[in-house]
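Along the sequence shown, residues carry numbers from 1.
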Amino acid sequence: MALVQITPPSEEPVTLTALKAHLRVTGSSEDTLISGLGIAARRTLEARYALGMVSQDWRVTADIPVASDIQLPLSPVAAVTSVSITHNGTTTVLGTADYDVEIGHMGSIRLKSTVSAETISIEFIVGWTDASSVPEDIKLAIKMLVAHYFEHREAVDSETFHAGPESIAALMAPYKRVRL
């Protein structure tokens with residue numbers, strides 16, 4: 001399975017001003033560092049919890065499973081924009097009548113009929129529509145992770161840098177994908 005970001009988010013869920021307020025930083029000498037830590041925190045949480053926070057486009061390409069739901073690897077899924085199959089080197093874009101889409105926390109598609117194909121490629125949009133729509137508990141988790149990174153920027157090992165306060169896991173628990 002290959003997962004490729006087509007379009008990154010157009011804005012960060014937490015502004016530099018909000019991060020600085022959380023850190024109690026008043027000057028501008030560390031703005032570049034704090035902005036970078038904000039991006040790193042968002043990307044870390046997105047990767048750890050298979051999320052897209054602010055609207056972004058992705059493509060997943062995989063060997064086609066026959067007669068099963070195809071679970072999309074990121075959430076929350078806002079829309080599926082394109083589904084195509086490849087058979088003997090020829091790519092065919094399927095019409096929306098050829099598949100059912102389930103959007104939301106565990107987005108998926110189901111092909112309505114069996115197809116002869118080696119791979120399927122799905123383009124989809126994940127994330128909340130804009131930064132103001134991102135839930136406050138996620139924004140707080142970003143702020144807390146930025147504070148952790150800010151205080152441990154001279155970490156002596158990777159575990160210290162990547163480990164965050166346990167309260168971040170508690171804040172992010174509602175967004176964790178659970179597979180049965």
Side-chain angles (χ1 to χ4, degrees), residues 1-62 69-80 102-109 122 124-180:
M1 178 184 303
L3 181 64
V4 177
Q5 187 175 49
I6 300 168
T7 308
S10 61
E11 61 184 329
E12 291 300 316
V14 182
T15 64
L16 174 61
T17 303
L19 291 173
K20 287 173 65 173
H22 184 78
L23 295 171
R24 297 184 181 150
V25 172
T26 56
S28 61
S29 64
E30 302 211 70
D31 284 2
T32 302
L33 171 68
I34 295 168
S35 291
L37 294 176
I39 293 167
R42 172 189 49 86
R43 293 179 76 183
T44 297
L45 293 174
E46 284 180 333
R48 188 171 291 164
Y49 293 94
L51 288 173
M53 292 187 189
V54 178
S55 186
Q56 47 196 278
D57 298 336
W58 288 84
R59 178 185 309 115
V60 63
T61 304
D69 282 338
I70 301 165
Q71 297 292 317
L72 297 174
L74 300 172
S75 65
V77 176
V80 171
E102 185 174 325
I103 60 171
H105 184 63
M106 294 291 285
S108 65
I109 71 159
I122 305 164
F124 58 105
I125 300 170
V126 296
W128 288 269
T129 54
D130 56 27
S132 65
S133 303
V134 176
E136 290 301 317
D137 48 357
I138 291 177
K139 290 180 183 181
L140 179 57
I142 290 171
K143 292 175 191 175
M144 292 172 67
L145 193 53
V146 166
H148 176 76
Y149 288 167
F150 190 77
E151 292 298 319
H152 296 94
R153 61 181 117 171
E154 300 298 330
V156 294
D157 61 37
S158 63
E159 277 188 36
T160 305
F161 186 76
H162 294 291
E166 286 185 30
S167 53
I168 292 173
L171 288 168
M172 296 300 295
Y175 307 98
K176 186 173 183 176
R177 293 174 64 120
V178 178
R179 296 200 189 270
L180 301 176

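- Taking each heavy atom of P13 and V134 in turn, the nearest pair found is CB-CG2, 4.0 Å.
- No side-chain heavy atom of I168 sits under 4.5 Å from any side-chain heavy atom of H148.
- Here the side chains of Q56 and L74 are not in contact, with every heavy-atom distance at 4.5 Å or above.
- Here the rule is side chain to side chain contact (heavy atoms under 4.5 Å, CB included) with W58, and of V126, I6, V4 only V126 fits it.
- Closest approach of R42 and E12 over heavy atoms only: NE-OE1, 2.7 Å.
- The shortest heavy-atom contact between V146 and L37 is CG2-O, 3.5 Å.
- Pairing each heavy atom of F124 with each of V60, the nearest pair is CE2-CG1, 3.9 Å.
- Rounded to the nearest 0.5 angstrom, F150 CZ and L145 CG are separated by 14.0 Å.
- Of the residues L171, I39, V14, the one that meets the side chain to side chain contact (heavy atoms under 4.5 Å, CB included) test with I142 is V14.
- Counting only heavy atoms from C-beta outward, the side chains of K143 and L19 approach each other to under 4.5 Å.
- The backbone N or O of G27 lies less than 3.5 Å from a partner atom in the side chain of K20, making a donor-acceptor pair.
- Residues A50 and P73 come closest through the heavy atom pair CB-O, 3.4 Å.
- Expressed to the nearest 0.5 Å, how far CG of L23 lies from CD1 of I34 amounts to 5.0 Å.
- Within the model, atoms CG of L72 and OG of S108 stand 6.5 Å from one another, a figure rounded to the nearest 0.5 Å.
- For the atom pair CZ (R59) and CD1 (I122), the distance works out to 11.5 Å, reported to the nearest 0.5 Å.
- To the nearest 0.5 Å, atom CG of residue D137 and atom CE of residue M144 are 11.5 Å apart.
- Taking 4.0 Å as the cut-off between side-chain N and carboxylate O, E136 and K139 count as a salt-bridged pair.
- Using a 4.5 Å heavy-atom cutoff, the side chains of T44 and Y149 are in contact.
- I109 CD1 to E102 CD: the interatomic distance, rounded to the nearest 0.5 Å, is 12.0 Å.
- Considering every non-hydrogen atom in both H105 and K176, the closest pair reads NE2-O, 3.6 Å.
- Of the possible polar contacts, none joining the S28 side chain to the D31 backbone as a donor-acceptor pair under 3.5 Å is found.
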